[in-house]
Amino acid sequence: MRVLVLGGDGYLGWPMALYLSRRGHEVGVVDNFARRGYDHEMGVDSLVPIASLQQRVRRWRAVSGYDLEVFVGDLTDAEFVTQTLQRFGPDAIVHFAEQRSAPYSMIDRRHAVYTQVNNVVGTLNLLYAIAEQDPSIHLVKLGTMGEYGTPNIDIEEGFIEITHKGRTDLLPYPKQPGSFYHLSKVHDSHNIMFACRIWGLRSTDLNQGIVYGQETEETVQHPELATRFDYDGVFGTVLNRFCVQAVVGHPLTVYGAGGQTRGMLDIRDTMACIELALEHPPAPGEYRVFNQFTESFSVQQLAEMVVDAYPGRATIEHVDPPRVEKEEHYYRAAHTKLLDLGLVPHLLEPATIHRMLALADRHRDRVDLAAIRPTIDWRRTQSQLPTAGT
Ligand code: NAD
């Protein structure tokens, strides 16, 4: 299969490109290095040093013998998107290339507008390019479980059967996202569903949970193949951040009561889920949704798991919640479609947390303590950047 990985220089896109390449697919990588730019903007960096995309690609060729074709450009540039699709001629596209931090989107008006323009316009350009060039291309799009919010009923996989005044229909599940970033994903989902309906495109929208871990079979083959690992208050996702906090002796910052419950998955399962979606494409015109996570945990539970894995050294601190979200709530979300396709999950075990703690420990000298605490407050329309004034 010829697969174009959009956002292929990022945390998940880079290991995905290697994973597919190693399995014999022809892989193209697209990125505009926006993610590296956010690091410069906020004065933070990946905990694990990452090589440039060009170095990574050269190293992968030396290690594996496989080539990756690189396209440097911005998805909001429609001409670039069209030309890239014409040059590469993909059978499938895996789309990771969006601004993906909720706090970043909540800094101020400029960051909210940037996030929504980048994400929504990029995806819209892509939908047009696919429709004009080859509607049979399978678009695998990364969405988020955060699109649903935390309703007081079970969350279904994309659609819910509703009976209203005696009539019944299968309708898109109601969305109650919690940030302008999450809203951008909802807008994407609507645009993709509509494009499938009017142009007969085929797409899998993956409502992914929060990913943890950093190592895959491919990325551990050489330090220049490593993917990024974020621990800061803006881009660091919860379990990755807790592991870094533990090894540097910083209290694990649980926001509020810590009852916020979310779907989670191991980075290796992100690879496996997307491979399953690619191997089992939807029919022409079909828009389908998979909830891509393997287990649910509350933030407090995750913190306690890290404390147990690092006994006597890690402590928990409940900080004022920067987000506007329920601190205790009902949470039960369906996630059977990927299991039905054959997913065998890596569940979160102490050994996984020990590996993440060891990784954090190897790079502890690179930790910037000033970048860890949350500084972006949902209730304000303007917040200071994390390292400003420290
Ligand atoms: P990331 O920021 O590390 O990677 C995204 C990549 O896309 C970056 O390399 C960035 O430079 C690139 N990019 C952004 N805008 C672009 C544009 N306009 N044109 C070209 N390239 C662009 O993010 P990630 O953690 O790898 O997440 C990838 C995707 O998965 C995102 O869409 C995110 O919303 C989704 N997701 C991630 C998680 C998680 O826990 N990391 C959870 C749920 C969903």
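One-based numbering, in listed order, for ligands and for the atoms of each.
In this structure, R35 forms a cation-pi arrangement with F235, its terminal cationic atom sitting closer than 6.0 Å to the ring centre and no more than 45° off the ring axis.
Among G13, A34, G209, S46, the residue whose heavy atom sits closest to atom 42 (C) of ligand 1 is G209. Of the options R100, M264, Q292, the smallest heavy-atom separation from atom 24 (P) of ligand 1 is shown by R100. Remark: among candidates N119, T76, D31, V30, the nearest residue to atom 11 (O) of ligand 1 is D31, based on non-hydrogen atoms.
By the neighbour-count criterion of 12 heavy atoms within 6.0 Å, atom OH of Y128 is sparsely surrounded, having that number or fewer from other residues, nucleotides or ligands. No more than 12 heavy atoms of other residues, nucleotides or ligands shown are found within 6.0 angstrom of CD on Q382.
Counting only heavy atoms of the protein, atom 2 (O) of ligand 1 lies nearest to R35 CD, 3.1 Å. Ranking the protein heavy atoms by distance from atom 39 (C) of ligand 1 puts V211 CG2, 3.7 Å first.
For ligand 1, the atoms closer than 4.0 angstrom to any heavy atom of Q208 are 30 (O), 36 (N), 37 (C), 38 (C), 42 (C), 43 (C), 44 (C). Applying the 4.0 Å criterion to heavy atoms of G73 picks out, from ligand 1, the atoms 19 (N), 20 (C). Ligand-side atoms of ligand 1 in range of Y181: 33 (C), 34 (O), range being under 4.0 angstrom from any heavy atom. Listed by number with element, the atoms of ligand 1 under 4.0 angstrom from any heavy atom of F33 are 11 (O). Less than 4.0 angstrom separates some heavy atom of K185 from each of these atoms of ligand 1: 31 (C), 32 (O), 33 (C), 34 (O).
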Point to revise | Audit row: S184, H187, side-chain hydrogen bond (donor to acceptor under 3.5 Å, both in side chains) steps and yes/no | key: CA-CA 5 Å; S184 77; H187 304 329; over 6 Å; no
Point to revise | CA sep, side-chain torsions, deciding dist, call: Y114, Q99, side-chain hydrogen bond (donor to acceptor under 3.5 Å, both in side chains) | key: CA-CA 9 Å; Y114 164 77; Q99 191 301 96; over 6 Å; no
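D134 CG to L85 CG: the interatomic distance, rounded to the nearest 0.5 Å, is 8.5 Å. From H138, atom NE2 reaches atom NE2 of H280 across 11.5 Å, with rounding to the nearest 0.5 Å.
At least one heavy atom of G143 sits under 4.0 Å from some atom of ligand 1. Ligand 1 lies nowhere less than 4.0 angstrom from a heavy atom belonging to G8. Note on ligand 1: G146 sits outside its first shell, no heavy atom being nearer than 4.0 Å. Under the 4.0 angstrom criterion for non-hydrogen atoms, H95 is not in contact with ligand 1.
Between R362 and E215 a salt bridge is recorded (basic side-chain N to carboxylate O distance below 4.0 Å).
In the hydrophobic clustering of ILVMFWY residues, with side-chain heavy atoms under 4.5 Å counting as a link, V72 and W14 come out together. Note on I130 and L278: separate hydrophobic clusters, where clusters join Ile, Leu, Val, Met, Phe, Trp and Tyr whose side-chain heavy atoms are under 4.5 Å apart, directly or indirectly.
At a heavy-atom cutoff of 4.0 Å, ligand 1 is contacted by no atom of R36, backbone or side chain.
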